[in-house]
**Q** 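I have a structure here, written as structure tokens, and I will follow up with some questions on it.
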Amino acid sequence: MQINLDQTINSGQVFLWKKHDNIWYGVNGQNVFAANQAKIDSLEKDEMDFFRKSDDLEKIFKDISKDKTIKSAVKKFSGLRLLRQDPFQCYISFIVSSNSSIQNIRSSLYHICEKFGKKTTFHGTKFHLFPEPKRLARASNAELLSCGLGYRVQFVKKAAIAVAENEIDFNFLKKADYQTAKDSLLEIFGIGNKVADCILLFSLDKLESFPLDRWILRSLQNYYPDKFSFEGKTLTDKKYQVLHSELVEYFGKYAGYSQQFLFKTIRDENQKKWL
DNA sequence: TACTAACCTGTACG
DNA sequence: ACGTACAGGTTAG
């Protein structure tokens with residue numbers, strides 16, 4: 001039951017990671033992490049937190065293994081883990097991710113760090129940390145546009161202001177239940193069901209969150225054609241909610257883990273690029 | 001309520 | 001070189 005860094009980092013959760021000389025380096029809020037597969041058993045405290053070292057994986061894997069599809073995905077990607085990311089970085093990252101590709105998301109986020117994040121040196125290499133909410137909140141439209149955000153400039157700007165002005169309080173959302181936290185995120189311009197679920201799952205400890213994007217829908221329709229509600233061409237708010245309830249009922253309270261295994265599986269099957 | 005067009009950028013293909 | 005196709009979630013109508 002060892003973490004596999006390649007599987008985990010290349011699973012659509014994080015964007016600001018790079019591999020150098022077989023070591024992964026990544027920005028997480030105001031920290032830089034270095035993760036070496038060869039030394040994965042000697043993580044520091046904040047790294048253990050990031051990699052969710054205290055999750056009871058034996059219990060979780062057993063709990064989500066409802067059928068042979070999930071069982072084989074868990075077996076194939078047994079080193080895949082959910083991460084516990086810096087909430088503000090995760091929030092901005094997935095707002096930026098909407099209607100974009102991994103390569104574009106990554107590029108925009110690096111530009112955001114370069115323009116607004118503090119510089120630091122880590123293991124002899126220079127990094128830009130992720131900007132703090134107040135700094136990003138007073139970025140100009142032109143500066144944000146130059147990060148390649150396009151029409152998402154207003155999404156990022158308003159979202160950063162909401163955090164800077166404490167309309168969004170991540171500590172509160174961490175303690176709140178899934179629905180309360182989700183309703184709060186959905187108030188933000190640029191956050192819909194899918195982005196909200198990503199933020200909840202990857203940074204706010206809501207493991208019953210199950211982000212539904214086009215890939216996961218394709219996977220579910222392929223492997224579970226008769227088990228869940230897929231009628232209609234478009235995924236309306238109502239249908240998203242119904243489908244999510246069915247998924248949690250079937251996969252259980254750790255449904256988010258099953259989502260991650262299905263997502264990794266279908267993206268790999270379709271040879272989609274990662275970091 | 002259900003559906004659809006518009007939104008921006010980078011990359012791939014011919 | 002240049003145009004066209006495409007990926008991708010949210011909002012507004």
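None of these values were measured; they are calculated from a predicted model.
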**Q** With nearest nucleotide decided by heavy atoms, which residue, A:K238 or A:S107, maps closer to the 5′ end of DNA chain B?
**A**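 Result: A:K238.
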**Q** How far does the helix from B:dC3-C:dG13 to B:dG14-C:dC2 bend, going by the axes of its first and last five pairs, to the nearest 10°?
**A**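 It works out to 40° between the end axes.
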**Q** Check for me, please, whether A:V242 and A:L217 land in the same ILVMFWY cluster - side-chain distances under 4.5 Å, paths through other members count.
**A**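 They do not share one cluster, since no chain of ILVMFWY contacts under 4.5 Å joins A:V242 to A:L217.
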**Q** Is the shortest distance from a Lys or Arg side-chain nitrogen in A:E47 or A:K53 to a carboxylate oxygen in the other one below 4.0 Å?
**A**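 The answer is no: the pair does not qualify as a salt bridge.
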**Q** Under 6.0 Å from the CG atom of A:D237, do we count more than 12 heavy atoms belonging to anything else shown?
**A**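 Incorrect, the count does not exceed 12.
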**Q** Parallel under 30°, tilted from 30 to 60°, perpendicular over 60°: which one fits the rings of A:F228 and A:F251?
**A**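 Plane angle between 30° and 60°, so tilted.
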**Q** With a 4.0 Å cut-off on heavy atoms, is A:R218 in touch with a base, just the backbone sugar-phosphate, or nothing at all?
**A**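 Contact class for A:R218: none.
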**Q** Hey, are A:R84 and A:D46 close enough for a salt bridge, meaning a charged N less than 4.0 Å from a carboxylate O?
**A**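 No, this pair does not count.
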**Q** Which two nucleotides bound the region of DNA chain C that has atoms under 4.0 Å from heavy atoms of chain A, read 5' to 3'?
**A**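 Going 5' to 3' along DNA chain C, contacts run C:dG8 to C:dA12.
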**Q** To check you understand the geometry: which heavy-atom pair defines the closest contact between A:K239 and A:G232, and what is its length?
**A**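 Heavy atoms only, the tightest pair is NZ-CA, 3.7 Å.
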**Q** Show every ring pair (Phe, Tyr, Trp, His ring centres under 6.0 Å) that has at least one partner inside residues 99-119 of chain A, sequence neighbours left out.
**A**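 Listed once each, the pairs would be none.
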**Q** Taking CG from A:L145 and C1' from B:dC8, how many angstroms apart are they, rounded to a whole number?
**A**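 Rounded to the whole Å, the gap is 9 Å.
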**Q** Please compare A:L186 and A:S100 by the position of their nearest nucleotide in DNA chain C and report the one closer to 5'.
**A**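 It is A:S100, whose closest nucleotide lies nearer the 5' terminus.
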**Q** Would you mind listing every salt bridge (Lys or Arg N to Asp or Glu O under 4.0 Å) that reaches into residues 265-275 of chain A, with sequence neighbours excluded?
**A**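 Every salt bridge (Lys or Arg N to Asp or Glu O under 4.0 Å) pair that includes a residue of residues 265-275 of chain A, provided the two are not neighbours, is A:K264-A:D268.
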**Q** Does A:K158 make a cation-pi contact with A:F189, if we ask for NZ or CZ under 6.0 Å from the ring centre and within 45° of the axis?
**A**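 Cation-pi check for A:K158 and A:F189: passes.
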**Q** Please report, rounded to the nearest Å, how far the P atom of B:dG10 is from the CD1 atom of A:I102.
**A**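 Answer to the nearest Å: 17 Å.
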**Q** Please give me the minimum heavy-atom distance between A:N193 and A:L186, naming the atom from each residue.
**A**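 It is N-CD2, 3.7 Å.
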**Q** Which protein N or O atoms sit under 3.5 Å from an N or O of nucleotides 11-14 of chain B?
**A**
{"from": "B:dA12", "atom 1": "OP1", "to": "A:K273", "atom 2": "NZ", "distance (Å)": "3.3"}

**Q** From CD1 of A:I95 over to P of B:dC8, roughly how many Å is that when rounded to an integer?
**A**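 Taking CD1 of A:I95 and P of B:dC8, I get 18 Å after rounding.
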**Q** Round to the nearest Å and state the distance from A:F189 atom CZ to B:dC7 atom C1'.
**A**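 Going from A:F189 (CZ) to B:dC7 (C1'), I get 10 Å.
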**Q** Expressed as a whole number of angstroms, how long is the span from A:N99:CG to B:dC7:P?
**A**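 Atom-to-atom, A:N99 to B:dC7, this comes out as 12 Å.
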**Q** Can you list every side chain to side chain donor-acceptor pair (under 3.5 Å) pair that touches residues 90-102 of chain A, not counting sequence neighbours?
**A**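 Listed by first then second residue: A:N99-A:Y151.
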